[in-house]
Participant: 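One structure, as C-alpha cells, below. Some questions next.
Along the sequence shown, residues carry numbers from 1.
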Amino acid sequence: MSPRIGLDRATLLQAATEMADEHGLESVTLASLAQKLKIRSPSLYNHVNGLPDLRRELALSGLAKMSTRFEAVLPEASGDEALRAFSRAYLDFARRHPGLYEAVQRAPDPEDRELSEAGAVVVGLVVRVIETYGLRGDAAIHAVRGIRSVLHGFVSIERQGGFGMPLDLDVTFRLLVDTFIAGVKSLREQGEA
C-alpha cells in the first residue's frame with residue numbers, strides 16, 4: 001500500500017502532537033490518529049512502526065522543542081536569573097504542550113541511543129545552569145533532580161486542577177523556584193554541595 005499523497009511523517013507527527021496536547025498522550029492511538037487524518041490505520045505503518053514508535057517520535061519531538069526553548073532563554077541569563085528563566089520555560093512548555101510534556105517524562109529504553117542523547121541535551125542545559133552555583137558532579141545531578149522534581153510536581157498538580165484556592169499560580173510558582181534557589185545557595189554556603 002502506498003502512502004496517501006500529502007501524508008508524510010511530519011504531518012502525522014503534527015496531528016499526533018495536536019491530539020496529545022488536546023486530549024492527553026493516552027488518547028493517541030493508531031486508530032484515533034488514522035481517524036483524525038481520515039485514513040485507514042494500516043496506512044500509518046508506511047510512516048511509523050506501531051504505537052511505541054509513534055510515542056517515541058512524540059518524545060523526540062518534545063525533547064527537541066524543550067531544548068530549543070531552553071537554549072533560547074539561557075544565554076541571556078546566569079545564576080538565579082538563568083534558573084528562573086529555565087523554570088519559566090519549563091512551565092510554559094508544559095502548559096503549551098501537555099501531551100508532549102507527558103511523552104518526555106517516560107524514561108527511554110537504555111538501548112535507544114537517539115532518545116537517550118536527546119534527553120541528555122536537555123539535562124546538560126540544566127546542569128550548565130546549576131554549575132553556575134558552584135555545584136559539580138554528583139552535587140549538580142542531585143540539584144538537577146531536585147529542580148526537575150519541584151517543577152514536575154507543580155506542573156502535575158496544576159494539570160490535575162489541584163490548586164483550588166483563588167491565589168495567583170504564577171506567584172506560587174515564583175515563590176517555589178525562589179525557595180529552591182535559596183536552598184541551593186544555602187547548601188553551597190555550608191559546603192555541603
Side-chain angles (χ1 to χ4, degrees), residues 9-10 12-33 36 44 48-74 82-130 135 138 140-163 169-170 172-174 176-177 179-181 183-184:
R9 196 171 177 98
L12 185 146
L13 187 58
Q14 179 60 38
T17 297
E18 290 169 7
M19 289 178 64
D21 285 345
E22 290 173 20
H23 307 290
L25 184 62
E26 294 303 315
S27 74
V28 181
T29 64
L30 295 182
S32 64
L33 182 58
K36 179 177 177 69
L44 295 172
V48 292
N49 295 321
L51 187 57
D53 184 42
L54 177 60
R55 291 202 173 147
R56 176 187 178 275
E57 289 297 318
L58 286 170
L60 282 169
S61 175
L63 289 166
K65 286 180 188 313
M66 283 180 113
S67 295
T68 299
R69 180 70 180 120
F70 298 161
E71 287 170 348
V73 300
L74 293 179
L83 192 51
R84 287 184 187 108
F86 161 75
S87 298
R88 285 189 304 269
Y90 187 102
L91 179 61
D92 182 62
F93 177 83
R95 285 175 172 171
R96 289 177 189 257
H97 298 288
L100 288 183
Y101 177 79
E102 191 178 344
V104 302
Q105 297 307 311
R106 297 178 180 199
D109 177 346
E111 302 294 317
D112 189 336
R113 176 172 276 157
E114 184 180 15
L115 195 53
S116 294
E117 288 174 359
V121 168
V122 173
V123 171
L125 291 167
V126 186
V127 167
R128 192 174 80 207
V129 172
I130 292 297
L135 303 178
D138 289 350
I141 297 301
H142 288 307
V144 168
R145 286 178 175 171
I147 192 64
R148 180 181 177 211
S149 297
V150 165
L151 298 175
H152 179 68
F154 184 91
V155 165
S156 297
I157 294 169
E158 182 182 53
R159 284 183 62 207
Q160 294 172 2
F163 295 123
L169 288 178
D170 291 332
T172 302
F173 184 76
R174 189 172 56 250
L176 184 67
V177 172
T179 300
F180 181 84
I181 290 171
V184 169

Participant: For residues Leu30 and Leu54, determine if any side-chain heavy atom of one lies less than 4.5 Å from a side-chain heavy atom of the other.
Facilitator: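 When only atoms from C-beta onward are counted, Leu54 and Leu30 do touch, with a gap below 4.5 Å.
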
Participant: Any chance you could lay out the side-chain contact (heavy atoms from CB on, under 4.5 Å) test for Val126 and Arg148, step after step, and finish with the verdict?
Facilitator: CA-CA 9 Å; Val126 186; Arg148 180 181 177 211; over 6 Å; no

Participant: Please tabulate, one pair per line, all N/O donor-acceptor pairs under 3.5 Å involving side-chain atoms of residues 64-73, not counting sequence neighbours.
Facilitator:
residue: Ser67; atom: OG; partner: Leu63; partner atom: O; Å: 3.0
residue: Thr68; atom: OG1; partner: Ala64; partner atom: O; Å: 2.9

Participant: Measure the spacing between CG of Leu176 and CD1 of Ile181 and express it to the nearest 0.5 Å.
Facilitator: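 Between atom CG of Leu176 and atom CD1 of Ile181 there are 10.0 Å.
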
Participant: Would you please name every residue forming a side-chain contact (heavy atoms from CB on, under 4.5 Å) with His142, sequence neighbours left out?
Facilitator: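 Checked His142 against side-chain contact (heavy atoms from CB on, under 4.5 Å); matches are Asp138, Arg145.
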
Participant: Quick one: side-chain contact (heavy atoms from CB on, under 4.5 Å) partners of Glu114, sequence neighbours excluded?
Facilitator: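 Result, side-chain contact (heavy atoms from CB on, under 4.5 Å) vs Glu114: Arg56, Leu60, Asp112.
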
Participant: So, His97 versus Tyr101, ring centres under 6.0 angstrom or not?
Facilitator: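 Aromatic pair excluded; centres sit 6.0 Å or further apart.
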
Participant: More than 12 heavy atoms of other residues, nucleotides or ligands under 6.0 Å from CZ of Arg96: is that the case?
Facilitator: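 No, because the 6.0 Å sphere around CZ of Arg96 holds 12 heavy atoms or fewer from other groups.
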
Participant: First locate atom CG of Leu33, then atom OG of Ser27, and finally report the distance between them rounded to the nearest 0.5 Å.
Facilitator: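 Spacing of CG (Leu33) from OG (Ser27) equals 10.0 Å.
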
Participant: Using 0.5 Å steps for rounding, measure from the CG atom of Asp21 to the CZ atom of Arg95.
Facilitator: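 That separation rounds to 15.0 Å.
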
Participant: Check whether any side-chain heavy atom of Leu91 lies under 4.5 Å from a side-chain heavy atom of Glu158, and answer yes or no.
Facilitator: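 The answer is yes; the side chains approach within 4.5 Å.
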
Participant: Between Ile147 and Ser87, which heavy-atom pair has the shortest distance, and what is it?
Facilitator: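 Taking Ile147 first and Ser87 second, the nearest heavy atoms are CD1-OG, 4.0 Å.
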
Participant: Got a second to check how far Leu169's CG is from Phe154's CZ, nearest 0.5 Å?
Facilitator: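 So the CG of Leu169 and the CZ of Phe154 are separated by 5.0 Å.
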
Participant: What is the minimum heavy-atom distance between Pro110 and Ser116, and which atoms define it?
Facilitator: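 The pair with the smallest heavy-atom distance is O-OG, 4.4 Å.
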
Participant: Quick one: CE on Met19 to OG1 on Thr29, what's the gap to the nearest 0.5 Å?
Facilitator: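 So the CE of Met19 and the OG1 of Thr29 are separated by 6.0 Å.
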
Participant: Identify the two heavy atoms, one from Leu135 and one from Ala143, that lie closest to each other, and give their separation to 0.1 Å.
Facilitator: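 Smallest heavy-atom distance, with atoms named: CD1-CB, 3.7 Å.
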
Participant: About how many Å separate CD1 of Ile130 and CG of Leu83, when rounded to the nearest 0.5 Å?
Facilitator: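 Separation between the atoms: 5.0 Å.
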
Participant: Report yes if the side chains of Leu125 and Phe86 come closer than 4.5 Å at any heavy-atom pair, otherwise no.
Facilitator: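 No. Closest side-chain heavy atoms not under 4.5 Å.
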
Participant: Can you confirm whether Glu22 is buried at CD, in the sense that more than 12 heavy atoms of other residues, nucleotides or ligands lie under 6.0 Å from that atom?
Facilitator: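 Buried by this count: over 12 neighbours within 6.0 Å.
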
Participant: Look only at the side chain of Arg55 and the backbone of Val28, and say whether a donor-acceptor pair between them is shorter than 3.5 Å.
Facilitator: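 The answer is yes, because a donor-acceptor pair under 3.5 Å joins these two groups.
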
Participant: So, for Val104 and Ala59, which heavy atoms are closest and what is the spacing to 0.1 Å?
Facilitator: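 Nearest pair, atom of Val104 first, then Ala59: CG1-O, 3.5 Å.
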
Participant: Are any of the side-chain heavy atoms of Leu151 and Val177 separated by less than 4.5 Å?
Facilitator: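 A side-chain contact under 4.5 Å exists here.
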
Participant: Could you tell me which non-hydrogen atom of Leu74 sits nearest to which non-hydrogen atom of Ala82, and how far apart they are?
Facilitator: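 Nearest pair, atom of Leu74 first, then Ala82: CD2-O, 3.5 Å.
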
Participant: Taking all non-hydrogen atoms of both residues into account, name the closest pair between Tyr90 and His152 and its distance.
Facilitator: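 For Tyr90 versus His152, the nearest heavy atoms are OH-CB, 3.9 Å.
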
